[in-house]
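Here the structure comes first, spelled out in structure tokens, and everything after it is commentary.
Just so we're on the same page: letters track the sequence lines, and every chain starts at 1. Quantities reported herein were computed from a predicted structural model and do not represent experimental measurements.
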Amino acid sequence: MLWHGEVAVRLTEVEAYGGARDPASHAFRGPTARNAVMFGPPGHLYCYFSYGMHWAANVVCGPDGTASGVLLRAGEVVAGLDLARSRRGRSSDRDLARGPGRLAQALGLGADQRGADLLAGGPLRLEVAPPPAHVSVGPRVGVSVAAEVAWRFWETGSPYVSGYKRSPRAPAI
DNA sequence: CACTAGATGCTCT
DNA sequence: GAGCATCTAGTGA
């Protein structure tokens, strides 16, 4: 469960990214100004801009010095619905945080939150919640390399996962 | 409802 | 100067 101010999102879909060992990771080619956060201590927010219009939120999970992170791909807005709605504009409640870009927008994440500490007790904080009863595993989406690595996890049957274009059904692996 | 195509700007080479 | 861990709008069934 990720909180930002009064808006809370229950995560329903995530993707794991290794560091130097993962060709699909931004950290594969070494640290840069953008991904430096991933090399830092865990529990920090790695926020980056992509496709010219969307932010994607990651949580650093490896120890200090090891690049690794988890991309928050989708979630369900469970608090601060009005605020999230106003940020997302006209959109059905189900689409408020379905997709990385939408998730970041609904939470109001951006350049200001880059590298923020999620465990410091500020307005932006990560809360541990019980895992969903059923979790599916599959290949990552939108990754051009190492797509065969099944490092994507989502809540089985949840309408809040992206699923995205092709394969609306959960590929059973 | 399902699918296709186009837009968009920051970041690294 | 090209690449992107994507979204939205618009068209067709």
Under a 4.5 Å cut-off applied to non-hydrogen side-chain atoms, are [X] and [Y] in contact?
| X | Y | value |
| --- | --- | --- |
| A:Arg152 | A:Ser136 | no |
| A:Met1 | A:Val78 | yes |
| A:Leu124 | A:Trp3 | no |

Determine whether the side chains of A:Thr12 and A:Ser158 contain a donor N or O and an acceptor N or O closer than 3.5 Å.
no
Scan side-chain atoms only and decide if A:Gln105 and A:Arg88 contain a donor-acceptor pair under the 3.5 Å cut-off.
yes
Would you say the side-chain atoms of A:Asn58 pair up with the backbone N or O of A:Tyr46, donor to acceptor, closer than 3.5 Å?
yes
Just the rounded figure in Å: distance from [atom2] of [N] to [atom1] of [X].
| X | N | atom1 | atom2 | result |
| --- | --- | --- | --- | --- |
| A:Arg94 | B:dC1 | CZ | C1' | 12 Å |
| A:Leu71 | C:dC4 | CG | P | 16 Å |
| A:Arg102 | C:dA9 | CZ | C1' | 12 Å |
| A:His54 | B:dA7 | NE2 | C1' | 9 Å |
| A:Leu72 | C:dT6 | CG | C1' | 15 Å |

Could you tell me the Watson-Crick or G-U partner of B:dT8, where both distances fall under 3.5 Å? Say none if there is no partner.
none
Nucleotide paired to C:dA5 in any strand shown, Watson-Crick or G-U, under 3.5 Å:
none
Does A:Arg152 place a side-chain N or O at less than 4.0 Å from the phosphate oxygens OP1/OP2 of C:dA5?
no
Taking only N and O in the side chain of A:Arg73, is any of them less than 4.0 Å away from OP1 or OP2 of C:dT6?
yes
Not counting sequence neighbours, which residues clear salt bridge (charged side-chain N to carboxylate O under 4.0 Å, His left out) with A:Asp112? List them please.
none
Salt bridge (Lys or Arg N to Asp or Glu O under 4.0 Å) assessment of A:Arg85 paired with A:Asp93
CA-CA 8 Å; A:Arg85 246 183 236 138; A:Asp93 286 357; 3.0 Å; yes
Quick one, give me the B/S/- string for nucleotides 8-13 of chain B, reading 5' to 3', where B means a protein heavy atom under 4.0 Å from the base and S means that only happens at the primed atoms, P, OP1 or OP2.
BBSSSS
Going by number, which of residues 60-70 of chain A have a non-hydrogen atom under 4.0 Å from DNA chain C?
none
Going by an N to O cut-off under 4.0 Å, is there a salt bridge joining A:Glu127 and A:Arg10?
no
